[in-house]
Amino acid sequence: MKNECIDCACVMKSSSTLKNCQLEMLENNHAVVKFRKGDSIIKQGVFSTNVIFLRKGLVKIHITGPYREQIVRLIKAPTYLGLPTTLGDKINQYSVTAVLDSEVCFIDIEVFKRVLEENRDFSSYIIMELSKSELEAYRRCANRTQKQTRGKLADVLLDFSDTIFNSDEFVLPVSQSDIGNWVDAGRESINRVLSEFATDGLIEMTGRNVKIRDKKLLKMISQNG
DNA sequence: ACATTAACCCACA
DNA sequence: TGTGGGTTAATGT
């Protein structure tokens with residue numbers, strides 16, 4: 001068989017525990033697809049029979065609420081996508097859109113389930129991931145309702161810096177109105193607070209280029225709301 | 001909400 | 001292949 005899946009992060013962190021026949025099963029039932037930024041990877045409301053593994057890139061998960069589009073989270077490779085929506089319901093409960101150019105691997109749900117059944121380590125790894133993700137969602141939920149915009153925006157900037165880009169200097173991958181939809185604020189508040197941060201010397205901003213100048217203070221703002 | 005700017009597409013040379 | 005114009009989305013106030 002090709003060794004695409006062995007090197008592929010599809011089986012990341014569990015490759016050692018997957019038996020050859022299981023790898024082969026994945027190998028014969030997957031498809032690698034590239035997406036340009038802005039492309040839709042999963043559409044809310046559509047029937048789905050695939051689990052998706054994000055190999056490269058950055059995506060946003062979002063749902064259309066009663067009033068507007070709500071961005072739930074940004075998530076970078078490598079990670080599984082669409083587990084809750086594919087295992088929990090036949091119809092996708094949310095959308096996933098590429099924020100940067102991305103590469104994903106589609107895996108048939110039945111094959112995925114079979115590997116889950118056959119491989120304990122793999123299943124517990126998946127449960128761990130889902131649990132972490134749920135805890136993260138709870139934390140964000142509390143933050144979103146209780147923090148003020150400056151605190152939430154500080155969170156976002158720190159998230160970009162520490163988790164997503166691992167750098168104090170980065171290019172905002174999403175528009176300001178997207179950030180607004182994400183942290184539950186209007187785009188003009190985002191804009192206002194961003195320039196406020198800039199004049200206060202917390203960050204430097206040219207267009208979408210951001211350089212973090214005072215991370216300690218930013219963390220303070222993040223903690224104190 | 002309005003003014004300005006940047007990005008994009010398309011026709012045309 | 002490059003340029004002008006027109007349109008739309010993003011941004012700043």
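Order of the sequence lines fixes the chain letters, A, B, ..., with proteins taken first and strands second; residue numbering starts at 1 for each chain. Hydrogens, waters and symmetry mates are skipped; everything else that's a heavy atom, side chains included, is used.
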Integer-rounded Å distance: [N] [atom2] and [X] [atom1]:
{"X": "A:R208", "N": "C:dA10", "atom1": "CZ", "atom2": "P", "answer": "8 Å"}
{"X": "A:L194", "N": "C:dA10", "atom1": "CG", "atom2": "C1'", "answer": "13 Å"}
{"X": "A:E196", "N": "C:dT13", "atom1": "CD", "atom2": "C1'", "answer": "15 Å"}
{"X": "A:L172", "N": "B:dA6", "atom1": "CG", "atom2": "C1'", "answer": "16 Å"}
{"X": "A:N181", "N": "C:dA10", "atom1": "CG", "atom2": "C1'", "answer": "14 Å"}
{"X": "A:R36", "N": "B:dC8", "atom1": "CZ", "atom2": "P", "answer": "11 Å"}
{"X": "A:M205", "N": "C:dA10", "atom1": "CE", "atom2": "P", "answer": "15 Å"}
{"X": "A:R187", "N": "B:dA1", "atom1": "CZ", "atom2": "P", "answer": "11 Å"}

Subject >> side chain to side chain contact (heavy atoms under 4.5 Å, CB included), paired with A:F197, selected from A:M205, A:R150, A:E204 >> reply: A:R150
Subject >> A:H62: which of A:D178, A:T97, A:N181 passes side-chain hydrogen bond (donor to acceptor under 3.5 Å, both in side chains) >> reply: A:T97
Subject >> Step-by-step side-chain contact (heavy atoms from CB on, under 4.5 Å) determination, A:I221 to A:L202 >> reply: CA-CA 11 Å; A:I221 295 176; A:L202 282 165; 3.6 Å; yes
Subject >> Heavy-atom donor-acceptor pair, A:Q176 side-chain to C:dA9 base, under 3.5 Å >> reply: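 Answer no: no donor N or O sits under 3.5 Å from an acceptor.
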Original post:
How is A:R192 classified with respect to the nucleic acid when contacts are heavy atoms under 4.0 Å: base, sugar-phosphate, or nothing?
Top reply: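 Nothing: the residue A:R192, judged by heavy atoms under 4.0 Å, touches no strand.
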Original post:
In terms of the angle between their ring planes, are A:Y80 and A:F122 parallel, tilted or perpendicular, with boundaries placed at 30° and 60°?
Top reply: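 Taking A:F122 first and then A:Y80, their aromatic rings stand perpendicular (interplane angle over 60°).
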Subject >> Any A:N191 side-chain N or O less than 4.0 Å from OP1/OP2 of C:dG12 >> reply: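 True: A:N191 side-chain N/O within range (under 4.0 Å) of C:dG12 OP1/OP2.
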